[in-house]
Enquirer: 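Starting off with a structure, shown below.
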Amino acid sequence: MTKVVAPVERVVFALNGERQEFAAADVDPSTTLLEFIRTRTPLKGPKLGCGEGGCGACVVLIAKYNRTTDEVTEFNASSCLTLLYSIHLCSIITTEGLGNSKDGFHAIQKRMSGFHASQCGFCTPGMCMSIFSSLVNADKSKKPEPPKGFSKLSVSEAERSFSGNMCRCTGYRPIVDACKSFASDVDLEDLGLNVFWKKGDKHPDASKLPSYTFGGGICTFPDFLKSEIKSSLDLNDASVSSPKEGWYCPKSIKQYYNESSVKVVVGNTSTGVYKDQDLYDKYIDIAGIPELSAIVRKDKGIEIGAATSISRTIEILHQESESISSPNGSVVFRKLAEHMSKVASPFVRNTASIGGNIILAHKYPFRSDIATILLGAAATVSSKTLHVTLEQFLEQPPLDHSTLLLSIFIPHWATDYKKEYTLIFETYRAAPRPLGNAVSYVNSAFLGHASLDKSSGHNVLSNLQLAFGAYGTKHAIRARKVEEYLTGKILTASVVLEAVRLVRETIVPMEGTSHPEYRVSVAVGFLFSFLSPLCTSMINPGKILGISEDLIDTGDAHNMPLSSKRETLSRDEYKPVGDPIKKYKVELQASGEAIYVDDIPAPKNCLHGEFIYSTQPLAYVKSVKFKPSLASNKIIAVVSAKDIPTLGRNIGSASLFGDEEPLFGDPIAEFAGQALGVVIAETQRYADMAAKQAVVEYSTDGLKAPILTAEQAVQNNSYIKVPPDRAPKQVGDFSKGMAEADQTILSEEVKLASQYYFYMETQTALAIPDEDNTMTVYSSSQYPELAQNVISKCLGIPFSSVRVITRRVGGGFGGKANRSFPIATAAALCAHTLRSPVRMYLNRNTDMIMVGGRHPMKARYSVGFKSDGKITALHLDLLINAGISADASPIIPGNVISGLKKYNWGALSFDIKLCKTNNTSKSVMRAPGDTQGSFIAEAIIEHVAAVLSLDANTVRQKNFHSYDSLVLFYPESAGELSTYTLHSIFDRLASTSSYQKRAESIKKFNSCNKWRKRGISSVPLVFMVRLRPAPGRVSVLNDGSIVIEVGGIELGQGLWTKVQQMAAFALGQLWPNGCEGLLDRIRVLQSDTLNLIQGGLTAGSTTSESSCAATLQACNMLIERLKPVMERLQLQSDTVSWDTLISQASQENVNLSASTHWLPDQDSKFYLNYGAGTSEVEIDLLTGAITILRSDLIYDCGKSLNPAVDLGQIEGSFIQGIGFFIYEEHQTNSDGLVISNSTWDYKIPSVDTIPKQFNAEVLNTGYHKHRVLSSKASGEPAVVLGASVHCAVREAIRAARIEFAGSSGAGSSLLTFQLDVPAPMTVVKELCGLDIVEKYLEDLSSRGVGSCN
């Protein structure tokens, strides 16, 4: 019988300095640290955003104590992946442990608040912890002491400190500023808008920043835990016979034992990539085996224990590279470390092991960078029985369960060869994000020795190791044929050409690999990049040439520092309205004390649910069964359509237009992703895992083929009706306009894909049954009123029996409107059926599959224009894929045309088909329809400019509206002439962004640089918004405190903040010192559908405005009631305090609660927003990588209610727009099932992909008599300005196509090409040319410059 260590019987750790202990029998070993914190403690700071280590919402600090060295090490980690048992004798700090409302807030929390760096707030606790970890570790370093109040952190480190943390709201810029404020080398004048000093202060005072205590100011490891560790017994010798279940921590190789049903873990980060398909009841944690963490320095290199974390490996490689006595240290170690720092994110690298990464690369077709670069460095690996090269290891069959990888040996290569040889080592990766948190499309590492051939004076290579990986291969490989071919040959263009041809033969992606030609082409580019510096006749892709000093650039655009300018104007006439005050209760968001739906403490006997969904697009559901498994044993019930009450009906969602969508596909599943039932279990993790066990039997007998595309919908005449009042109106006579044209473009096409919301908080609801067959539902919803209606119809009870409560939402963007109803309704049905509270919190994968997103479209246009660029006519044929139900789709055609109408097309006609397909329902998403319509307009303008060889900006301005044409195209919303500010905005932007000067510099740059190209583009914004009615209630309590209720929901857009400011302004008339101190007396309450009815939908960017108008109206009602009391009191005393006034009014039985239902004027409920954006990009022609060098935005906010809030909205929506236009690839399989369903497959913008220089200006343009205190909307419109990046990318691609035109000539096909949405690096590369390296080398060879002269 094999002997192993006894299972862990108890776990002890510190949580925010407090001792935590539990018996092993009480907690399942598969429990994560996040689950424990959120369900077993009062703390709610760490959030579940993805469960994959891909978003950072769950980040905590983990501290470990080494009793031998008496040292504490701290690192941040994903608590969603960290298993609870693995933190035995560790100390955990969450954001509540940094600071809170009881003990005072930490400087990080205060600065995040003061720099306006938190909007919805869901990501903020994780951001704070990543920043804290960076500060703690920087302050421990050996760098010089910083000035008082600062950290040793540098600005460049600050920018990377939260590189793995995702934010969907802010656009990252204010978070960067908050973090940089701690840096010892920061220039305070470079920091953006904040509450600590006024804009324009020439010498900001650092002492006004919240005080920072060097070292972080928090005890990260309590003394009591150190004492326990020092006194704990060494249990190395304990052993028992093979146990059945539990958590095991062997302390030596001898104690290690494994079998097929056991999960072996170090950091458990692999589950972020390859999800567990069932529960485990036995875990073996090998992190405590000393041999697996040993670092052994040898003559030829270094041996690193397999359980060593990737972060620690990076640290060791950096240290060793500097200590090796070679002239440059170890180039290999240094470059390996640099490359590894781009793998995953800091909080994953801190717990993921180097050996675990290699095991994944061996076991799965895992696109490991680490395996590839170690293969290129000729690493070897060892187990008890094996000592082989990494290449041999990767090619071996799967290891048996008893084999344990012990170590990885990496040679340093520093003194390995003769002095006349030069060691060359380079690593490469092409990935959607430069700083990591994204797996590579292809990676490589090349090592060799170069020597000078004395007879020719040119370079010869030997001892080559050329490794390629991630291109769609089972594992990384050595390109042996290429190595053999190059060895000993004098490097010429013809030799390199033959080498890259051999690469094409060697790199063959497996069938089913996405973008196969792209991956091969990039692999070719990597080898070319490696060889070209050794061949003097070639242009080195790594060099930037011809850069004038005034251009912002370095050798690598990716590494440019981030900078910004944030311009706003505050105003005095309506104080505090117009002041850039910080967000209402924002510190609570930073400290983790702000309550979201999943933070509400679980009621007694609360159960949890997860959807079973269809994977077929149109099929009868014959049965749902469950695989025999540990997870299936956790199922308490399965709720489906059969459980809907007799008086209820199968309804899961409804639209404004009366259309309904079923809750469950019964008896037919109509689309892949449709709910079929809900699995109920004791915990959310059990429910999620149990739902994976479902086996659904389908039948398609008697059913037609599903309609999955808009084209198929047209063939089948499958459409969704658009109400006549929502149908857009055509303008002018198209035939006449085309007859007036000098030139025409006929029937050209542009496609736009979908976009997923990626709110940080997924769909969630908590349903609690109450007395008398009533139901209370806490829902993360933008539309609680309609949620109430849908739930009551499903349950067959009156609306009055359903109460829907929403306090705040962790990001919405339209996805928490109609698409939130099925979750709230399903939770309510389960609670009703089981007579027990039920919570549903969709995991990220389910959310992405079921919820839908932005409408995909295909546009075909025909346009006529004059030779000077003036357009005379446009016709648009538009297909919109709406999915299975109407949802909000009937508004989309009108919105598309509204966005399109931003230019004067002369005559405009269109044929729009709103297609019903067997896909998830598409719904409203930030600037729905307008985003697509505005982009289509830009695509047409750019096409016309290309045909005429004119600057696109010239064509744009030529087709701007006059005021008369504006009224013709926007009859309901054009407003007065004085409000039409687009011309002046565009002129101002051209000046402030130095457009003309930069356009000339770009021409020079492009003429000097073969392998990198730049482009610049400006895009105007004309965006129509619609005001909706809004309820409001303002009540003054007897102590003078004020509570406000509005229909609008706080989504992060600052609605509560503006409402608070509005109430303080209005009631300030009766406050002794204007409104000083009044803000602190105001509380805004959560939405409750039975307290304040007719709350309506929070969407369309105008709800803040409407809610403020309702608040103002209610306050004015109160003032009318209080004025007579005030006048009587003033007869007795000159100054009357607010408290005295309210006390007297209460005694006189004055009604101190005023309710109103504000209605917009019919003449002014529509209006137009104006703005403009300019963006400059650089593309890498070998990989397609896009770097946004600079973006400048100007936006007309009327008279902003809060410039800080509005600026944040503008920047955040712009970055979300960049995601849509460039980065976010929403992909489905042939059945319409979403396959880009995780943070691994779907890439929203991250801090390393935003503009390097980002300047935003909010204009206050004066009096607008029909607006609420002259304000205008800000939440959505700037999304469309993200198209400026797309258009700039098009310009850069055009420059590349001209560069490599060769003998084919610069025909119109080079200039006018289709660039669909999105345009990620794969598409960019394809349009620049997949064979440009070969073309270049062939050209060199044919011209006889192939030798290296």
Side-chain angles (χ1 to χ4, degrees), residues 49-50 52-57 59 78 123 126-127 130 156 159-168 170-173 175-176 269 272-273 310 338-349 352 367-370 372-373 427-443 470 514-515 518-519 522 556-562 755-756 758 760 1177-1180 1182-1189 1215-1216 1218-1227 1236 1238-1252 1254 1282 1285 1289 1318-1325:
C50 68
E52 301 172 335
C55 75
V59 167
S78 291
C123 72
M127 292 281 183
S130 283
S156 62
E159 291 174 357
R160 294 183 174 220
S161 64
F162 59 94
S163 60
N165 292 75
M166 298 296 111
C167 174
R168 194 56 149 166
T170 64
Y172 299 100
R173 188 66 46 178
I175 305 173
V176 172
T269 54
V273 195
I310 296 171
E338 288 170 358
H339 191 117
M340 285 184 191
S341 69
K342 297 173 184 174
V343 171
S345 58
F347 46 80
V348 171
R349 293 195 295 267
R367 291 184 273 161
S368 166
D369 275 32
I370 288 175
T372 304
I373 62 177
T427 70
Y428 304 88
R429 73 192 298 266
R433 292 178 180 144
L435 285 187
N437 212 24
V439 291
S440 300
Y441 290 111
V442 58
N443 50 39
S514 62
H515 313 295
Y518 166 82
R519 294 172 195 262
V522 172
D556 181 0
H558 280 319
N559 292 324
M560 285 168 50
L562 297 172
Q755 182 184 21
Y756 167 63
F758 214 104
M760 293 302 295
V1177 304
E1178 180 179 300
I1179 61 173
D1180 181 333
L1182 295 179
T1183 64
I1186 302 162
T1187 304
I1188 307 169
L1189 299 176
I1215 297 299
Q1216 197 170 96
I1218 292 174
F1220 173 59
F1221 290 113
I1222 302 295
Y1223 296 113
E1224 298 175 37
E1225 296 181 84
H1226 193 272
Q1227 297 171 323
S1236 52
S1238 71
T1239 56
W1240 289 91
D1241 306 306
Y1242 192 83
K1243 298 299 178 186
I1244 66 170
S1246 51
V1247 70
D1248 50 339
T1249 56
I1250 64 172
K1252 295 296 178 184
F1254 192 8
V1285 175
V1289 168
M1321 60 194 297
T1322 51
V1323 170
V1324 171
K1325 170 64 179 163

Enquirer: Locate the shortest heavy-atom distance separating G53 from V348; write the atom from each residue and the value.
Expert: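 Heavy-atom minimum between the residues: O-CG2, 3.5 Å.
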
Enquirer: Given S514 and R519, is the side-chain hydrogen bond (donor to acceptor under 3.5 Å, both in side chains) satisfied, shown in steps?
Expert: CA-CA 9 Å; S514 62; R519 294 172 195 262; 3.0 Å; yes

Enquirer: Can S163 and D1248 be counted as having a side-chain donor-acceptor contact under 3.5 angstrom?
Expert: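 Checked: S163/D1248 side chains show no N/O donor-acceptor pair below 3.5 Å.
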
Enquirer: How far apart are the closest heavy atoms of S440 and A431, and which atoms are they?
Expert: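 That would be CA-CB, 3.9 Å.
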
Enquirer: Show the nearest heavy-atom pair for residues I1186 and P1320, with the distance to one decimal.
Expert: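 Answer, listing the atom of I1186 first, then P1320: CD1-C, 4.4 Å.
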
Enquirer: Checking R349 against S341: is there a side-chain donor and acceptor pair closer than 3.5 Å?
Expert: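 Judged by distance alone, the side chains do not pair up.
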
Enquirer: Excluding sequence neighbours, so at least two apart, what forms ring-ring contact (aromatic ring centres under 6.0 Å, His included) with Y428?
Expert: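 Once residues adjacent in sequence are excluded, the partners of Y428 under the ring-ring contact (aromatic ring centres under 6.0 Å, His included) criterion are F446, F526.
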
Enquirer: Only one of I1215, L562, N165, I175 forms a side chain to side chain contact (heavy atoms under 4.5 Å, CB included) with V1247, so which one is it?
Expert: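 Answer after filtering I1215, L562, N165, I175: L562.
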
Enquirer: Give the C-alpha distance, both sets of side-chain angles, the deciding distance and a yes or no for side-chain contact (heavy atoms from CB on, under 4.5 Å) between R429 and T372.
Expert: CA-CA 10 Å; R429 73 192 298 266; T372 304; over 6 Å; no

Enquirer: Could you tell me the separation between the CE atom of M760 and the CE atom of M166, rounded to the nearest 0.5 Å?
Expert: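 The CE atom of M166 is 8.0 Å from CE of M760, to the nearest 0.5 Å.
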
Enquirer: Return the minimal non-hydrogen interatomic distance between G49 and C55, and the atom names on each side.
Expert: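 Closest approach of G49 to C55: CA-SG, 3.7 Å.
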
Enquirer: Tell me, do N443 and I373 make a side-chain contact under 4.5 Å, heavy atoms counted?
Expert: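 No, every pair of side-chain atoms sits at 4.5 Å or beyond.
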
Enquirer: Any sub-3.5 Å donor-acceptor pair from K1243's side-chain atoms to N437's backbone N or O?
Expert: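 Side chain of K1243 to backbone of N437, a donor-acceptor pair under 3.5 Å: yes, one is there.
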
Enquirer: Distance-only, no hydrogens or angles: does the W1240 side chain make a donor-acceptor pair with backbone N or O of G272 under 3.5 Å?
Expert: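 Yes, W1240 side chain to G272 backbone: donor-acceptor pair under 3.5 Å.
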
Enquirer: Just how far is it from atom CE of M1321 to atom NE2 of H515, taken to the nearest 0.5 Å?
Expert: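 Between atom CE of M1321 and atom NE2 of H515 there are 10.0 Å.
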
Enquirer: Return the OG to CE distance between S161 and M127, rounded to the nearest 0.5 Å.
Expert: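 One finds 9.5 Å between OG of S161 and CE of M127.
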
Enquirer: Which heavy atom of T269 sits nearest to which heavy atom of A352, and what is that distance?
Expert: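 That would be OG1-CB, 3.3 Å.
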
Enquirer: With no hydrogens and no angle check, do the side chains of D1241 and S1238 hold a donor and an acceptor under 3.5 Å apart?
Expert: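 There is such a pair (donor and acceptor under 3.5 Å, judged by atom type) between the side chains of D1241 and S1238.
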
Enquirer: Mind checking whether Y1242 and F758 have parallel, tilted or perpendicular rings, split at 30° and 60°?
Expert: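 Taking F758 first and then Y1242, their aromatic rings lie parallel (interplane angle under 30°).
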
Enquirer: As a quick check of understanding, evaluate side-chain contact (heavy atoms from CB on, under 4.5 Å) for V1285 and V1177, giving each step before the final call.
Expert: CA-CA 7 Å; V1285 175; V1177 304; 4.0 Å; yes

Enquirer: Could you list the residues that satisfy ring-ring contact (aromatic ring centres under 6.0 Å, His included) with F1254, not counting sequence neighbours?
Expert: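 Counting only residues at least two positions away or on another chain, F1254 forms a ring-ring contact (aromatic ring centres under 6.0 Å, His included) with F1214.
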
Enquirer: For E52 and S78, run side-chain contact (heavy atoms from CB on, under 4.5 Å): C-alpha distance rounded to whole Å, both residues' side-chain angles, the deciding distance at 0.1 Å, then the answer.
Expert: CA-CA 8 Å; E52 301 172 335; S78 291; over 6 Å; no

Enquirer: Looking at R433 and I1244, would you say the former's side chain and the latter's main chain have a donor-acceptor pair under 3.5 Å?
Expert: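 Flag set: sc R433 to bb I1244 pair under 3.5 Å.
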
Enquirer: List the atom of D369, the atom of H339, and the distance in Å for their closest heavy-atom pair.
Expert: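 Minimum heavy-atom contact is OD2-NE2, 2.7 Å.
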
Enquirer: Side-chain contact test, heavy atoms from C-beta onward, threshold under 4.5 Å: evaluate it for S130 versus F347 and give yes or no.
Expert: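 A side-chain contact exists here, since the closest heavy-atom pair is under 4.5 Å.
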
Enquirer: Parallel, tilted or perpendicular for Y518 and Y441, by the 30°/60° rule?
Expert: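 Geometry flag for Y441 against Y518: perpendicular rings.
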
Enquirer: Could you check I1250 against I1218 for side-chain contact (heavy atoms from CB on, under 4.5 Å), going step by step and ending with a plain yes or no?
Expert: CA-CA 8 Å; I1250 64 172; I1218 292 174; over 6 Å; no

